[in-house]
Structure formats: structure tokens, C-alpha cells
Amino acid sequence: MDREIPFRFEVTNSASELLSEHSGLSEGESSGVTVSVAGRLMLRRDQGKIVFGVLQDSTARIQLFASEKNTPDYEFFSNLHLGDWLGVTGEVIRTKRGEISVRVDSWVCLAEAKRSFPDKWHGISDTDIRYRQRYVDLWVTEESRKTFITRSRILSFIRSWLDSKGFMEVETPVFHPIPGGAAARPFDTHHNALDVDLFLRIAPELYLKRLVVGGFEKVYEMARVFRNEGISTRHNPEFTMLELYEAYADYEDIMRLVEEMVSELALEVCGSTKIEYDGRELDLSPPWERSSMLDLLSQKIDKEINIQTPIEELRELCKEHSVPFEDHYGPGKLILELYEKTTEPELWGPIYVTDYPEEVSPLSRAHRSIPGMVERFEAIVAGRELCNAFSEVIDPDDQRSRFNAQEKSRDAGDEEAMVVDEDYLRALEYGLPPTGGLGIGIDRLVMLLTDTQAIRDVILFPTLRPEQE
RNA sequence: GCGCCUCUAGCUCAAUUGGCAGAGCAACAGACUCUUAAUCUGCAGGUUCUGGGUUCAAGUCCCAGGGGGCGUACCA
């Protein structure tokens, strides 16, 4: 059946518009209104001289009513395949059985489905097919479509929210000569004309702070970042991170910003600041609880710990709580490991865990009153780390010695330790004002607000091993 | 990386202690003028992920490989 496919089709209404605009029709009544809709044929019920179809567009499903009497090429119409794209023009009616329908007074095939669609009742249960053939999944898995619509709404809400607060969206390089701004293993690549090795960014942080040096006082980027690490329900090698920097602000300002933004976001996309994740309740309304990491840890292991605690004692505690560690770990790293293995897993949140050891936070400014610690916080929401933020290091000499300390641990075997970035130090030498910075994992935020358990469910095309012939 | 589980028709799933590989939907050919996953009749559809092995006989048991899932490690 070779049917000519037109180059365009004029749609007058979406399915959901038709359903709401004609909800007043009574059974068997015709509206007198002629409309044009387009979409995919998802169901077909052949009755002989009449046939019912269900047309789905991006908004809803609406029934088509075709009859031998009204519908041109009726034979062809009743032989359409599930999955075929149609453009239909006709009067809006309500059938005798009460279904709002478009009577097929004229129609055109807009694309033929040459492969048969999945089982119309069961859909696709094989997650591999769902991820690899997302173009089919989106049609047959309602939750999947909803999740990605919500993701889009989340992104546009965040953008307009930040814009309204005077933030400016910027784009910084994806290719980095030096991977920086986070502790992670990068992907590497090569530019032929320049003959230089480059890395895909693991974070946009250092470029964004250069922009604050440049005078853009409030900047943010929705940054796709790349980390060459394992894949799991919570990790995809490429993911989206929101980073923002605000001049003249400290980490407490950022805490207020995060709780305000996230709670308003929840209200917008979930209709409430009280949501449910994985069957558990979560109240996102501000203010969120705050507690220092040392307090939480000390309380958990029932022993007063601080950065002055002797390293032998910390090592003993690690052994005691079966937390693995390596010899080159300093007190700060040992404390962080202890906290992450013993305390963090039991937090549900939302809670701000504040003040981290300087040793594990090379870009965070020294705490104004606690020696050896920095002004940094992570928000734990639904038991997971939602964001990481701090008062930024602004002093170039301080930053240099932090980088040097990172170099040392790199030499000691830490492959993820940061590398000295001379140009970044040069930027700081021109002067960075007090600045608060934030990074939020957008994919995990979407998981939180869509109550999904796998990061693959919120990424349209997650990283998979390529199919083999 | 490591551990456990899994792979049967386009899709969703069966197949007893090892004994002729099946059903529903989709497709194909028909019937039917108000259906709602329509229904009914008929027909067709397979390298049971791949390669070895054990056996009279393997979808089923063993070995190796591949895909996928979950957990764990690294991490956000």
C-alpha cells in the first residue's frame, strides 16, 4: 500500500483541547464543529461498517469514529496498522456510548509504522528495549512520557526562577585542558588541528568562578558533565548538573536559596511541598534542618570527634566500624569516610550537613571560626546527597596551597585528586569577591520529584553498551 | 571491577523429574453499524542469545562467551 505522504498537515486542536472543550456534548450529539487532529493510531476496533480508532497525540488520546458512509477510503482506514500516524479532519461528536470522538470525514496517513507496535495492553516490560528504543517507550509507557514532561518543567522552572532572582545563564567549555572542579576521573579526547589532549569536563566550577572574576555577579549553568566511572541506578556517565555562583554571598545564603528554590519547585511540579519518595514522606518546606557533620558523626558513634582528634584514634574508629581506609588518608579524609559510612546512610532529610574538613574540600573557604574545617554543606534529601555547596576560596595563595596538597595526594595514589590550574590561580589574583557556590545533580532532583528509583528513568537516552549485530 | 539473577515468536508470557516448543496481543485472510485491551472464524509466525559438552533425547543439566537487571566498589 503505497500512499502519498503530504509535506504538512494543518492541526487545529490538540486531543486534550478537544476533550475539554466538548465535554458538554451529550450522548449521540454532534457539535457542529469541524477540527483537524494528528497523532498515532494506538487502538482500532473494527465493527464492520464502522470502525473506532484511538488517536494519541502529545497531549491525550481521543477516539476516532469512522464509518463506511462518512469516511473516504474506508477500506484503507479500517486496515491501518497500530502505530500509524494520521491526520484526521471531521466533526467532534459524542458517540451513543458516550465517548467524545472525531468523526473521520477526511484523513491522511502521515507515516506508516512498518514495525509492529508492542502489545497494546502490556506495553514493554523489558527495560533494555525501553531504554534503547525510547521512541517506542514514550508511546506505550505512560509514566515514562510523564516523567520526561516533568523533567522539562523542572528545568524551565529552575531557569525562570533563577532568572527572576537576577542570575544569568552562561555556557562554558565542555573541553577542558585540565579537568577541574571536582574529584572524578575524566574522559579524554584529542583535538587534531591543535594537536592537544583535552578532557570532557567533570564540572564547570572553575570557569564559572572565572566569570565572577569577570564581573558577572550571579551566574549559573545547566551543565552536562562527564565522569568516567561506573554505571548504576544512581550514576550515568554523562549527567546534568546545575552550578551557580553568587558574588557577595556565603554558604548560608546558598542554603536559603536551595531550600527556597527546591520547595517552590516541588509546589510547582508536584502541587505540594510534602511529597513521597519510595513510599516515604518528605516535607520540603523551609527551613531545612541544619547540623554540622562533626556533631552528627560524634552523636552517631557516641564519641566526641573533631579535626584535632589524633589520627591513630581515627584509624581505630574506622577499624571499629569496618570503614576501609588507606595509609595516606589524613584526619579529614578519615573523618569524611567515617561519616559517609556510618552516619549519612541513616539520614533522610531534608537536612543540611554543614562544615567539612579542609583536606577533602580543596575549593571551599576555611571556616570563619572552626580551624581545619571549611564552610561547606551538602543537603541530604530522601537519603541522598542532593547538592554540594560552599563559600568559595577567594585567596589565590590559599587556593595554590590547596592545589599543592591535592598534588601530593595524587602522588600518593589518589587518581581523582585535582591538578593545579595556573590560569584559574591567575584569575583569582585579579580578585574574586566573597562568593557562594552551589552544585545540584539535576537528574537526581528529577528522580526525587518524579519518585523514580533509577537514573535511567529520567535520562531519555542513558548510556548503554552498543547493540551488537 | 566483583557477586547474584536473567535471556523462548514483533510484544507479553507458558512449557511437569531432561521426552514432539505453546498461548494472548500484533500481523495476514474473513464476519460484524456504537466499540472501549471489542468479539468471533481461519492462517502464518522460532538458530529457545551464541559456541561447545553430557545424554538415546537439552528451552531445561554442565562449561565458555555475549546482552540485560540488581547488589557492591569508585562517585554525584
Side-chain angles (χ1 to χ4, degrees), chain A residues 27-28 41-54 61-71 74 78-84 93-101 103 113-133 136-137 139-141 181-186 202-203 205 223 225-243 324 326 336-337 340-341 344 378-381 384-389 414-416 439-445 447-448 453-456 462 464-469:
Chain A
E27 290 168 10
L41 185 68
M42 299 304 285
L43 298 171
R44 200 192 61 224
R45 296 180 283 276
D46 204 332
Q47 279 289 306
K49 294 200 170 82
I50 60 172
V51 52
F52 299 93
V54 172
R61 289 181 167 200
I62 191 164
Q63 181 166 274
L64 303 176
F65 177 92
S67 67
E68 199 173 34
K69 200 166 60 184
N70 289 301
T71 304
Y74 178 78
S78 61
N79 279 313
L80 287 168
H81 290 172
L82 300 190
D84 284 347
I93 61 171
R94 194 189 279 276
T95 59
K96 288 179 195 167
R97 291 298 193 86
E99 192 76 20
I100 292 174
S101 309
R103 195 180 62 211
K114 292 186 173 167
R115 290 173 183 265
S116 46
F117 251 49
D119 188 289
K120 62 190 178 187
W121 182 247
H122 297 97
I124 309 174
S125 62
D126 186 334
T127 51
D128 188 41
I129 299 176
R130 292 190 45 216
Y131 300 141
R132 289 187 195 277
Q133 302 186 33
V136 182
D137 178 50
W139 284 100
V140 302
T141 313
R185 217 163 293 171
I202 54 176
E205 171 149 357
V225 298
F226 308 86
R227 298 190 183 177
N228 207 339
E229 287 155 359
I231 295 176
S232 76
T233 45
R234 284 172 283 282
H235 300 84
N236 197 63
E238 53 177 308
F239 63 101
T240 304
M241 201 158 77
L242 166 68
E243 282 204 8
E326 292 174 31
L336 183 70
E337 290 296 316
E340 284 183 348
K341 297 292 187 300
E344 193 181 89
E378 291 187 356
I380 302 294
V381 181
R384 298 195 186 142
E385 202 180 299
L386 178 74
C387 71
N388 186 18
D414 182 358
E415 285 182 60
E416 296 178 343
I440 295 188
I442 291 295
D443 311 274
R444 291 183 179 179
L445 178 63
M447 287 168 69
L448 178 73
Q453 317 304 320
I455 198 167
R456 286 175 167 180
L464 300 173
R465 198 178 295 273
E467 276 182 285
Q468 302 199 325
E469 286 304 313

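What you see is a predicted model; the values in this text were computed from it and never measured. Each chain gets a letter, A, B and so on, in the order the sequences are listed, and its residues count up from 1.
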Take atom [atom1] of [X] and atom [atom2] of [N], then tell me their distance rounded to the nearest Å.
X: A:Gln133; N: B:rG67; atom1: CD; atom2: P; answer: 18 Å
X: A:Arg94; N: B:rC34; atom1: CZ; atom2: P; answer: 19 Å
X: A:Ile124; N: B:rG68; atom1: CD1; atom2: P; answer: 16 Å
X: A:Ile231; N: B:rC2; atom1: CD1; atom2: P; answer: 15 Å
X: A:Arg234; N: B:rU72; atom1: CZ; atom2: C1'; answer: 11 Å
X: A:His81; N: B:rA26; atom1: NE2; atom2: C1'; answer: 9 Å
X: A:Phe117; N: B:rG24; atom1: CZ; atom2: P; answer: 23 Å
X: A:Met42; N: B:rC25; atom1: CE; atom2: P; answer: 18 Å

Side chain of [X], backbone of [Y]: donor and acceptor closer than 3.5 Å?
X: A:Ser67; Y: A:Asn70; value: yes
X: A:Arg227; Y: A:Ile202; value: yes
X: A:Asn388; Y: A:Glu378; value: no
X: A:Glu243; Y: A:Glu205; value: yes

Between [M] and [N], how far apart are the [atom1] atoms? Round to whole Å, please.
N: B:rA15; M: B:rG1; atom1: C1'; value: 38 Å
N: B:rA21; M: B:rA57; atom1: C1'; value: 15 Å
N: B:rC74; M: B:rA58; atom1: C1'; value: 42 Å
N: B:rA37; M: B:rU12; atom1: C1'; value: 13 Å
N: B:rC13; M: B:rC7; atom1: C1'; value: 13 Å
N: B:rC43; M: B:rG3; atom1: C1'; value: 48 Å
N: B:rA31; M: B:rU8; atom1: P; value: 36 Å
N: B:rC49; M: B:rG24; atom1: C1'; value: 24 Å

Could you check if a side-chain atom of [X] sits within less than 4.5 angstrom of a side-chain atom of [Y], using non-hydrogen atoms only?
X: A:Ile124; Y: A:Val136; result: yes
X: A:Arg61; Y: A:Leu43; result: yes
X: A:Asn228; Y: A:Pro186; result: no
X: A:Arg130; Y: A:Val140; result: no
X: A:Phe117; Y: A:Met42; result: yes
X: A:Met447; Y: A:Gln453; result: no
X: A:Glu416; Y: A:Glu229; result: yes
X: A:Val51; Y: A:Asp46; result: yes

Revision key, fill the gap. Correct closest heavy-atom pair for A:Ala182 and A:Ala203 would be CB-CB, 4.0 Å
Study note, to complete from the structure: Ranking A:Ile93 and A:Arg227 by the position along RNA chain B of their nearest nucleotide, the one closer to 5' is A:Ile93
Check your understanding: 5'-most contact on RNA chain B: A:Leu82 or A:Ala184, nearest heavy atom basis?
Key -> A:Leu82
Review point. Is any side-chain N or O of A:Thr233 closer than 4.0 Å to OP1 or OP2 of B:rG71?
Key: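 The answer is yes; a side-chain N or O of A:Thr233 sits under 4.0 Å from OP1 or OP2.
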Check your understanding: Just to confirm, is there a sub-4.0 Å distance from OP1 or OP2 of B:rG10 to any side-chain nitrogen or oxygen of A:Arg115?
Key ->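 So the side chain of A:Arg115 is outside the cut-off, no N or O lying under 4.0 Å from OP1 or OP2 of B:rG10.
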Provide a list of protein-nucleic acid N or O atom pairs under 3.5 angstrom, restricted to nucleotides 36-40 of chain B.
unit_1: B:rU36; atom_1: O4'; unit_2: A:Arg45; atom_2: NE; d: 3.2
unit_1: B:rU36; atom_1: N3; unit_2: A:Glu99; atom_2: OE1; d: 3.3
unit_1: B:rU36; atom_1: O4; unit_2: A:Arg97; atom_2: O; d: 3.4
unit_1: B:rA37; atom_1: N6; unit_2: A:Trp121; atom_2: NE1; d: 3.4
unit_1: B:rA38; atom_1: OP1; unit_2: A:Lys120; atom_2: NZ; d: 2.5
unit_1: B:rA38; atom_1: OP2; unit_2: A:Arg45; atom_2: NH1; d: 3.0
unit_1: B:rA38; atom_1: N7; unit_2: A:Asp46; atom_2: O; d: 3.2
unit_1: B:rA38; atom_1: N6; unit_2: A:Asp46; atom_2: O; d: 2.9
unit_1: B:rA38; atom_1: N1; unit_2: A:Gln47; atom_2: NE2; d: 3.3

Please classify the nucleic acid contact of [X] as base, sugar-phosphate, or nothing, using heavy-atom distances under 4.0 Å.
X: A:Gly123; value: sugar-phosphate
X: A:Ile129; value: sugar-phosphate
X: A:Asn70; value: nothing

Point to revise | Intra- and interstrand pairs of RNA chain B - dot-bracket, Watson-Crick/G-U under 3.5 Å, | marks other strand | key: (((((((..((((.....[..))))..((((.......))))......(((((..]....))))))))))))....
Practice item. Take A:Leu448 and A:Val381, measure what side chain to side chain contact (heavy atoms under 4.5 Å, CB included) needs, and give me the verdict at the end. Key: CA-CA 8 Å; A:Leu448 178 73; A:Val381 181; 3.7 Å; yes
Point to revise | Selection from B:rC74, B:rA26, B:rC34 that lies nearest to any side-chain heavy atom of A:Lys341 | key: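 The closest nucleotide is B:rC74.
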Revision key, fill the gap. Looking only at B:rG68, B:rG10, B:rC74, the nucleotide nearest the A:Arg132 side chain is B:rG68
Filtered N/O pairs between nucleotides 13-15 of chain B and protein, under 3.5 Å:
unit_1: B:rC13; atom_1: OP1; unit_2: A:Ser125; atom_2: OG; d: 3.3
unit_1: B:rC13; atom_1: OP2; unit_2: A:Ser125; atom_2: OG; d: 3.2

